[in-house]
**Q** 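Below: one structure in structure tokens.
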Amino acid sequence: MPPQAITAKLTRRIPLTDDVYELQFQLLKPEEISFIAGQFVTIKVEDGNPKLFFRSYSIMSPPSQKKIISTCIKLVPAGRATPWLTTVSEGTDISMMGPLGKFVFHESPNKRSIFVATGTGITPLRCMIEDQLEKGNTTDMHLIWGFRFEKDIFYTEELDNLHTQYPNFTYTITVSRPEEEWKGSRGRVTDWLKANIATPAQTQVYICGVGDMVTDTATICEEIGMAKEDIHFEKYA
Ligand SMILES: Cc1cc2nc3c(=O)[nH]c(=O)nc-3n(C[C@H](O)[C@H](O)[C@H](O)COP(=O)(O)OP(=O)(O)OC[C@H]3O[C@@H](n4cnc5c(N)ncnc54)[C@H](O)[C@@H]3O)c2cc1C
């Protein structure tokens, strides 16, 4: 679907951690949207500043939910869009443009898919994973999701439910600065990839997050033997 102007009501803002929120929107105009999992919308920031300003947010809800969209955002206190998005009243009509973007899933029946995220980089990946599972994709899909501290972790219940319903989906959370008692994976997502990709030629990877993590991960995937065309990424900033 070509990008179009969208008006959507912010129906709910759910705090997930100290600084991460899920935003849920109900579409008003148009009332439904078609998009490809992994795409994003660009939101018009109407914070009272007369200078026009837009910021992009990946769609997290799967394309099967045509009347609503959700996203997941991290508050950047010194930023412009997120202080507004984390305080604007529920019920406000928000202007956006979409769907946009080419970070989408490539069906490869003979390949395992690895999804690599840090923080809110989960947003388009969760959409892709749920979409593929809903469509009956039974290939092996693994999410490796990195956080700095345990207090930053969210959506474990949702991911556990997804795994229970679709056992071909599994996930690992890795924490780079855990407490001593942390029993899960330790280190960065790149450490996990170096230790766990046994068959790089049969693996495709989808990477999303902020800055250097994305480029570092893509480089490591290449170094461990994955084909360039199997390495897909979206960089937030
Ligand atoms: C295609 C696309 C999709 C995106 N989807 C999402 C999404 O689903 N969720 C989301 O939270 N962000 C997403 N972003 C980032 C988003 O567009 C904004 O850049 C971000 O919300 C910060 O906006 P801001 O105006 O508040 O701060 P800015 O003034 O734009 O940012 C200040 C600084 O914050 C850093 N920063 C930006 N994003 C993050 C982040 N998520 N975590 C930590 N530091 C950050 C940057 O290094 C930047 O220099 C996406 C970006 C792109 C290009």
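The first residue of the sequence shown is numbered 1, and numbering continues consecutively from there. Side chains are part of it too, since the values below use all heavy atoms of this structure and drop only hydrogens, waters and symmetry mates. Whatever order the structure lists ligands and atoms in, that order sets their numbers, starting from 1.
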**Q** Have a look at ligand 1 and work out which part of Glu234, if any, has a heavy atom under 4.0 Å from it: side chain, backbone, both or neither.
**A** side chain
**Q** At under 4.0 Å between heavy atoms, is it the side chain or the backbone of Tyr57 that contacts ligand 1, or both, or neither?
**A** both
**Q** Just to verify, which of Ile73, Leu85, Leu23 counts as forming a side-chain contact (heavy atoms from CB on, under 4.5 Å) with Arg13?
**A**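 Single pass found, and it is Leu23.
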**Q** Taking all atoms of both residues into account, what is the closest heavy-atom pair of Thr139 and Asn168, and its distance?
**A** O-ND2, 2.8 Å
**Q** Side chain or backbone of Ala237 under 4.0 Å from ligand 1, or both, or neither, by non-hydrogen atoms?
**A** side chain
**Q** Go through the steps to decide whether Thr86 and Asp19 satisfy the test side-chain contact (heavy atoms from CB on, under 4.5 Å), and finish with yes or no.
**A** CA-CA 9 Å; Thr86 53; Asp19 58 5; over 6 Å; no
**Q** Would Val76 count as being in polar contact with ligand 1, using the rule that some N or O on each side must be under 3.5 angstrom apart?
**A**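 No; the residue has no nitrogen or oxygen that sits under 3.5 Å from a nitrogen or oxygen of the ligand.
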**Q** Does Lys235 reach ligand 1 with a nitrogen or oxygen that is under 3.5 Å from one of the ligand's nitrogen or oxygen atoms?
**A** no
**Q** The test is side-chain contact (heavy atoms from CB on, under 4.5 Å); show your working for Phe169 and Leu159 and say whether it passes.
**A** CA-CA 9 Å; Phe169 166 72; Leu159 294 175; 3.9 Å; yes
**Q** Any N or O on Arg80 sitting closer than 3.5 Å to an N or O of ligand 1?
**A** yes
**Q** I need the minimum non-hydrogen distance between Phe147 and Gly119, along with the two atoms involved.
**A** CE2-CA, 4.2 Å
**Q** Group every Ile, Leu, Val, Met, Phe, Trp and Tyr by side-chain heavy-atom contacts under 4.5 Å, then state whether Trp192 and Leu143 land in the same group.
**A** no
**Q** Applying a 4.0 Å heavy-atom criterion (strictly less than), which segment of Cys72 is in contact with ligand 1: side chain, backbone, both, or neither?
**A**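 Cys72 to ligand 1: backbone contact only, side chain stays beyond 4.0 Å.
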**Q** Can the ring centres of Trp145 and Phe154 be said to be less than 6.0 Å apart?
**A** yes
**Q** Heavy-atom contacts under 4.0 Å between Thr82 and ligand 1: side chain, backbone, both, or neither?
**A**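 Contact part for Thr82 vs ligand 1: both backbone and side chain.
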**Q** State the atoms of ligand 1, each with its element, that fall below the 4.0 Å cut-off from a heavy-atom position in Lys74.
**A** 11 (O), 40 (C), 41 (N), 42 (N), 43 (C)
**Q** Go through ligand 1 atom by atom and flag the ones less than 4.0 Å from a non-hydrogen atom of Val210.
**A** 39 (C), 40 (C), 41 (N), 42 (N), 43 (C), 45 (C)
